Protein chains: 2
Amino acid sequence: MGEQLQDHDLSEILKAVSDPTRRSLLTTLVQEGPLRVTELAGRYAMSLNAVSKHIKVLEAAGLATRRTMGRVHLIEANLDPVRSVDAWFGELRSIWELRLDRLGEVFSEGTRNNERSVTDAKKDDPGAG
Amino acid sequence: MGEQLQDHDLSEILKAVSDPTRRSLLTTLVQEGPLRVTELAGRYAMSLNAVSKHIKVLEAAGLATRRTMGRVHLIEANLDPVRSVDAWFGELRSIWELRLDRLGEVFSEGTRNNERSVTDAKKDDPGAG
DNA sequence: GCTATATTCAACCAAATGGGTGAACAATTG
DNA sequence: CAATTGTTCACCCATTTGGTTGAATATAGC
């Protein structure tokens with residue numbers, strides 16, 4: 001059961017939550033539980049169709065799921081994909097700290113001249129992928 | 001120091017990292033430290049100008065900073081804004097768990113129908129539009 | 001001063017995005 | 001069946017986006 005961190009998925013998730021309306025929708029769903037499309041749309045100063053489209057984007061990103069019950073579509077939030085985002089940012093941070101470790105504390109004296117500290121850190125290069 | 005989580009900033013940060021090229025740029029900067037625009041651009045199958053624009057987007061989001069040294073612009077990653085993203089997702093998660101907790105309380109009070117509150121909320125509908 | 005290098009600015013283009021409207025489809029109800 | 005309700009589909013429109021190219025600006029070196 002590996003989580004295949006596909007670049008495309010990550011882009012889709014991040015793009016989905018980069019829109020304030022969609023973030024708001026997601027928050028609403030998270031705090032109130034599954035809601036109908038119309039109920040959701042009623043809270044925004046935009047057309048039902050616009051909200052419907054936003055929901056589709058959330059669905060495509062895996063951040064929302066739909067349970068169709070008759071003519072009513074119940075939309076529910078799903079925060080699982082957020083873990084992919086966390087994972088990516090986490091990885092970024094550890095790469096960052098790894099490099100800072102290699103550089104050592106020599107760097108903290110000033111940010112203008114860094115050439116020498118780099119060569120200094122070369123003695124202990126693990127080459128972490 | 002409160003995190004004055006401006007919606008606009010969050011959107012800008014998320015949109016910035018929603019592009020795979022920009023994520024790649026950020027990763028490169030994080031693992032290799034400050035780099036010149038040309039050096040960065042040389043790693044991508046796109047024009048220097050395209051990369052230059054991507055860098056600007058990262059800068060605008062606060063994810064990269066620029067130190068101009070003569071004609072050379074050193075671009076450096078800055079992961080601080082990521083904390084805003086973490087904060088938002090974290091908030092979302094706690095809201096989620098809070099609601100689940102509330103649902104649990106309702107159950108232990110002797111309610112027998114699990115989805116009643118959602119579907120039944122129709123009678124309390126304020127009316128969209 | 002001239003030339004080469006590093007980078008941005010400006011204009012342009014195709015595609016994607018966020019929004020709107022009206023019609024269509026699906027399901028419930030009288 | 002007909003009417004109503006919930007939702008999507010198909011278009012249209014303006015703006016943004018990601019990319020291109022060519023010119024402009026700034027600095028470095030001969």
Side-chain angles (χ1 to χ4, degrees), chain A residues 7-26 28-29 34-61 63-76 112 115, chain B residues 7-8 10-26 29 34-61 63-76 118-129:
Chain A
D7 211 48
H8 173 263
D9 299 332
L10 199 46
S11 294
E12 214 163 14
I13 298 164
L14 288 166
K15 203 146 65 169
V17 294
S18 77
D19 181 90
T21 303
R22 284 189 297 256
R23 279 202 306 281
S24 171
L25 280 169
L26 199 52
T28 300
L29 287 169
L35 290 174
R36 289 177 298 127
V37 175
T38 312
E39 166 61 23
L40 273 168
R43 309 175 181 218
Y44 296 88
M46 68 180 70
S47 73
L48 172 68
N49 281 14
V51 174
S52 174
K53 279 198 218 170
H54 278 305
I55 292 172
K56 276 197 199 319
V57 175
L58 289 174
E59 269 187 288
L63 290 162
T65 57
R66 181 185 305 249
R67 270 181 297 159
T68 304
M69 298 163 59
R71 63 184 165 179
V72 168
H73 297 211
L74 269 194
I75 311 298
E76 180 166 23
R112 297 180 56 188
E115 308 286 325
Chain B
D7 215 46
H8 175 262
L10 198 47
S11 294
E12 212 164 13
I13 297 164
L14 288 166
K15 202 145 66 167
V17 292
S18 77
D19 181 89
T21 303
R22 283 188 298 256
R23 279 203 305 282
S24 170
L25 280 168
L26 199 52
L29 286 170
L35 291 174
R36 287 177 300 125
V37 176
T38 312
E39 167 61 23
L40 273 168
R43 308 175 181 217
Y44 296 88
M46 67 180 69
S47 72
L48 172 69
N49 281 14
V51 175
S52 174
K53 278 201 220 170
H54 278 305
I55 292 172
K56 277 197 200 318
V57 174
L58 289 174
E59 271 187 288
L63 289 162
T65 57
R66 181 185 303 250
R67 271 180 295 157
T68 304
M69 298 164 58
R71 62 183 166 179
V72 168
H73 297 211
L74 270 194
I75 311 298
E76 180 165 24
V118 173
T119 46
D120 226 18
K122 197 176 172 186
K123 65 182 174 196
D124 224 344
D125 199 54

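In this text the structure is predicted, and so the values were computed from the model without any measurement. Each chain gets a letter, A, B and so on, in the order its sequence line appears, and its residues count up from 1.
- Listed by first then second residue, pairs satisfying side chain to side chain donor-acceptor pair (under 3.5 Å) with a partner in residues 45-57 of chain B read R22(B)-H54(B), not counting sequence neighbours.
- The separation between Y44(A) atom OH and dG18(C) atom P is 15 Å, rounded to whole Å.
- Applying the salt bridge (Lys or Arg N to Asp or Glu O under 4.0 Å) test to pairs two or more places apart or on separate chains, those with a residue in residues 36-47 of chain B are E32(B)-R43(B), E39(B)-R43(B).
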Base-contact (B) and sugar-phosphate-only (S) positions in nucleotides 17-26 of chain D, heavy-atom cut-off under 4.0 Å, - elsewhere: SSBBBB----
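- Every side-chain contact (heavy atoms from CB on, under 4.5 Å) that S11(A) has, sequence neighbours left out, goes to P20(B), R23(B).
- Distance M69(B) CE to dT5(C) C1': 16 Å, rounded to the nearest Å.
- To the nearest angstrom, C1' of dT5(C) lies 12 Å from NE2 of H73(B).
- Pairing each heavy atom of S18(A) with each of K15(A), the nearest pair is OG-O, 2.8 Å.
- When rounded to the nearest whole Å, the span between CD1 of I55(B) and C1' of dC9(C) equals 15 Å.
- Distances shorter than 4.0 Å separate some side-chain N or O of K56(B) from OP1 or OP2 on dC9(C).
- Distance CZ (R36(B)) to C1' (dT27(D)): 14 Å, rounded to an integer number of Å.
- Nucleotide dT17(C) holds its P atom 14 Å from the CG atom of L14(A), rounded to whole Å.
- Among residues two or more places apart in sequence or in another chain, the side-chain contact (heavy atoms from CB on, under 4.5 Å) test is passed with A60(B) by E12(B).
- One atom, CG of L74(B), and another, P of dA6(C), lie 13 Å apart when rounded to the nearest Å.
- Under the salt bridge (charged side-chain N to carboxylate O under 4.0 Å, His left out) criterion, R71(B) pairs with no residue at all, not counting sequence neighbours.
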